[in-house]
Amino acid sequence: MVDLAAVFARLEGAYGPQHWWPAETRFEVIVGALLMAQTSWSKVTEAIANLKRAGVLTPQTLAAMPIPRLRAMIRPAGLYRTKPRRLRGFCQHLVQVADGDLDRFFARDFGALRRELLSLDGVGPETADSILLYAGRFPTFVVDAYTVRFGRRMGWFPYDRYDSIKAFFETRLRPDRDRYGEFHALIVAHGKRTCRPRPLCARCPVNAACAFYAGNEDKRSGRGKIGDQAKRRHRFYIE
DNA sequence: GTCCGGCACT
DNA sequence: AGTGCGGGAC
């Protein structure tokens, strides 16, 4: 029996409200999502600030911008060979199908919209769901590497397939976009601060419900079969 | 060295 | 399933 509401409450209690997505407009949310891969949010913020300062942060302007100029502005976000092309491509698509109007763009069937997003270069499932949730305001659950690691350690699922994990959450939570958005943000906070590659289980707010923590009880106590050397080898981080 | 709020190639 | 994409922060 997995009580997601209880886990949510404990994460919220430990980390507080996350205020996602930190952007002024829906279009900024989308630009941020497209620039996010393999970088930190502060770098994305820097890149968006460059676009704003230059006054080019509109779908029409970005859709018509030469790649080298775009590259110079979003350089802080890294992966500069791919991201400018993807950002411009998305804007061209947005202008094409909705005249750059996000109200019109999102005012369509969810399933069709998601498939359309996934067909665009640079938009995989996580980016598509981030856009649909945080910009489109659809109740769709976002899965990322933190979610996979966290859920597997908790013992909620053994697999790492995006759609299956997404379904795990969506079948257990009422479709509520604010709650979905906050839950994902809390999982990210948890993954950064506690459920790291080397987990800080001793001060984890949900360790009482965690299979990984339970499975390592003998190692924590130091009275199990596994000695100190093996503990280090297995990379369990004991506070 | 590893890590970033991934994705598209092979 | 493995790897290129990039460079700053730690």
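Each chain gets a letter, A, B and so on, in the order its sequence line appears, and its residues count up from 1. What you see is a predicted model; the values in this text were computed from it and never measured.
- Residues A:Arg196 and A:Arg86 each lie close to DNA chain B; by heavy-atom proximity, the contact nearer the 5' end of the strand is made by A:Arg196.
- Regarding A:Glu46, its CD atom lies at a distance of 14 Å from the P atom of C:dG7, rounded to whole Å.
- For the pair A:Lys43 NZ and C:dC5 P, the computed distance is 20 Å after rounding to whole Å.
- Between A:Asp121 atom CG and B:dG6 atom P the separation is 17 Å, expressed in whole Å.
- A side-chain N or O of A:Lys166 and one of A:Thr140 form a donor-acceptor pair less than 3.5 Å apart.
- Within 4.0 Å (heavy atoms only), A:Leu120 reaches sugar-phosphate atoms of the nucleic acid but no base atom.
- Look at A:Asp178 and A:Arg137 and you find a salt bridge, because one of the NZ, NE, NH1 or NH2 atoms lies within 4.0 Å of a carboxylate O, short of that distance.
- Per the geometry, CG belonging to A:Leu79 stands 6 Å off P belonging to C:dG6, to the nearest Å.
- Under the 4.0 Å criterion applied to side-chain N and carboxylate O atoms, A:Arg26 and A:Asp103 are assigned as salt-bridge partners.
- A:Glu116 and A:His93 are linked by a side-chain donor-acceptor pair at a separation below 3.5 angstrom, with hydrogens and angles left out of the test.
- One atom, CZ of A:Arg198, and another, C1' of B:dC3, lie 14 Å apart when rounded to the nearest Å.
- In the set C:dG7, C:dG6, B:dC4, C:dG6 carries the atom at the smallest distance from any side-chain atom of A:Arg81.
- Taking the P atom of each, B:dC4 and C:dA1 are spaced 23 Å apart, rounded to whole Å.
- The NZ atom of A:Lys83 sits 17 Å away from the P atom of B:dC9 (whole-angstrom rounding).
- Between A:Thr127 and the phosphate of B:dC7, there is a side-chain N or O to OP1/OP2 separation shorter than 4.0 Å.
- Nucleotide B:dC7 holds its P atom 9 Å from the CG atom of A:Leu118, rounded to whole Å.
- As rounded to the nearest Å, C:dG8 and B:dC7 have P atoms that lie 24 Å from one another.
- For A:His190, the ring-ring contact (aromatic ring centres under 6.0 Å, His included) test picks out A:Tyr15, A:Phe150, with sequence neighbours left out.
- Note: CD (A:Glu126) to C1' (B:dA8) measures 15 Å, nearest angstrom.
- Nearest to the side-chain atoms of A:Pro125 among the listed nucleotides B:dG6, C:dG7, B:dC7 stands B:dC7.
- For C:dC5, the OP1/OP2 oxygens have no side-chain nitrogen or oxygen of A:Tyr80 closer than 4.0 Å.
- Comparing A:Tyr162 and A:Arg149 by the nucleotide of DNA chain B whose heavy atom lies nearest to each, the residue mapping closer to the 5' end is A:Arg149.
- Using a 4.0 Å heavy-atom criterion, one finds that A:Ala33 contacts no nucleic acid atom at all.
- When heavy atoms are screened at a 4.0 angstrom cut-off, A:Val123 is found touching the sugar-phosphate backbone but no base atom.
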